[in-house]
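Each remark here refers to the structure printed beneath this line.
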Amino acid sequence: MTIRVIIVDDQAMVRAGFAALLAAQSDIDVVGEAPDGRKGVEVSRSVHPDVVLMDVRMPEMDGLAAARELLSPPTGVIHRPKVLMLTTFDVDDYVYEALRAGASGFLLKDAPPADLISAVRVVASGDALLAPSVTRRLIADFARQRPATPSGGPSLRLNALTPREREVLELIARGLSNQEIAARLVLAEQTVKTHIGKVLAKLDLRDRAQAVIFAYESGLVAPGDA
């Protein structure tokens with residue numbers, strides 16, 4: 001199955017470079033591009049891509065606002081693509097908010113070409129969290145600035161989880177892959193996937209990225225934990 005991608009970035013050379021790289025892959029088809037978030041939303045609603053590569057800082061509408069429009073569409077709009085944010089470390093605040101809004105992950109703009117290709121495939125497959133250890137550090141930084149409130153809010157929702165599901169959620173937040181979680185808990189990898197599905201369903205979370213954020217905001221995992 002071919003992965004349909006659009007590229008939203010205000011730099012024409014960046015769009016052209018990413019498009020050439022991705023279009024050279026037999027399983028990826030670049031079906032559109034846009035120079036700002038507003039046009040990106042329009043193109044996405046027109047061509048229905050599987051993945052949107054979204055720059056953070058753009059004129060007219062930035063990537064964060066565009067991601068929110070795509071991931072929380074108005075009534076009547078059914079299509080919701082996966083959104084992969086393109087960023088540099090100096091805009092982490094935007095990336096954090098984008099992950100909270102439902103973006104599937106982020107990729108540094110100076111990442112090697114192979115990482116971009118892999119990221120598109122991973123996001124398209126529904127495995128949301130990219131570069132888990134980097135994402136964990138990013139979210140931990142903001143959790144330090146925005147302390148969890150164990151007396152209420154997200155922490156109360158943890159009561160819906162079984163002890164095993166809490167354990168799995170904690171290991172996700174620490175950046176472990178499904179395979180690593182299975183080894184740590186002495187479980188089959190398919191069993192881990194089942195637990196993750198139940199965690200997401202019970203907490204009404206879209207994907208692993210939101211699960212990591214929830215774990216920090218609820219106080220299940222504290223910044224600085226090993």
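Numbering of residues begins at 1 and proceeds along the displayed sequence. Only heavy atoms go into these numbers, but all of them, side chains included; no hydrogens, no water, no symmetry mates.
Here R184 pairs with nothing under the side chain to side chain donor-acceptor pair (under 3.5 Å) rule; sequence neighbours left out. For L161, the side-chain contact (heavy atoms from CB on, under 4.5 Å) criterion is met by L158, E165, R166, L169, V199, K202, L203, not counting sequence neighbours. For V47, the side-chain contact (heavy atoms from CB on, under 4.5 Å) partners two or more places apart in sequence, or in a different chain, are R4, I6, V31, V43, P49. The salt bridge (Lys or Arg N to Asp or Glu O under 4.0 Å) search around R80 returns none, not counting sequence neighbours. Q25 meets the side-chain contact (heavy atoms from CB on, under 4.5 Å) test with D27, I28, I117, R121; sequence neighbours excluded. Contacts of E33 classified as side chain to side chain donor-acceptor pair (under 3.5 Å), with partners at least two apart in sequence or in another chain: R15.
Ionic pairing of E42 and K39 is not present here: no N-O contact between side-chain nitrogen and carboxylate oxygen is shorter than 4.0 angstrom.
Between L107 atom CG and L53 atom CG the span is 8.0 Å, to the nearest 0.5 Å. The CD atom of E60 lies 11.0 Å from the CG atom of D10; values are rounded to the nearest 0.5 Å. Atom CG of N159 is separated from atom CZ of R157 by 11.5 Å, given to the nearest 0.5 angstrom. In this structure, CG in L187 is found 8.5 Å from CD in E167, a value given to the nearest 0.5 Å. With values rounded to the nearest 0.5 angstrom, I196 atom CD1 is found 9.5 Å from L171 atom CG. For the atom pair H79 NE2 and L70 CG, the distance stands at 8.5 Å (nearest 0.5 Å).
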Evaluate the side-chain contact (heavy atoms from CB on, under 4.5 Å) criterion for residues V120 and L22: first the C-alpha distance (whole Å), next the side-chain angles of each, then the deciding distance (0.1 Å), finally the verdict.
CA-CA 9 Å; V120 168; L22 294 174; 4.1 Å; yes

Please test D55 against K109 for salt bridge (Lys or Arg N to Asp or Glu O under 4.0 Å), starting from the C-alpha separation and ending with a verdict.
CA-CA 9 Å; D55 190 19; K109 295 184 81 170; 3.4 Å; yes

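Residues F18 and L86 are in side-chain contact: their nearest non-hydrogen atoms beyond the backbone lie under 4.5 Å apart. Counting heavy atoms from C-beta outward, V51 and I3 have side chains that approach closer than 4.5 Å. The shortest side-chain heavy-atom distance between L176 and I172 does not fall under the 4.5 Å cut-off. Put simply, the side chain of L84 does not reach to within 4.5 Å of the side chain of M54, judged on heavy atoms. Annotation: side chain of V56 is not in contact with side chain of L64 (no heavy-atom distance under 4.5 Å). Inter-residue side-chain proximity for D50 and K82 is flagged as unmet; no heavy-atom pair is nearer than 4.5 Å.
Residues A173 and V221 come closest through the heavy atom pair CB-CG2, 3.7 Å. The two residues M58 and D36 have their closest heavy-atom pair at SD-CA, 3.8 Å. Nearest heavy-atom pair, M85 versus A67, reported as atom, atom and distance to 0.1 Å: SD-CB, 4.3 Å. Listed here is the closest heavy atom pair of P59 and P35: CD-O, 4.2 Å. Looking at every heavy atom in both residues, G102 comes nearest to L71 through C-CD1, 3.3 Å. V52 approaches S44 most closely through the heavy-atom pair CG2-OG, 4.1 Å.
No donor-acceptor pair closer than 3.5 Å links the side chain of S72 to the backbone N or O of E69. A distance-only check finds no donor-acceptor pair linking the side chain of E217 to the backbone of F214 [under 3.5 Å].
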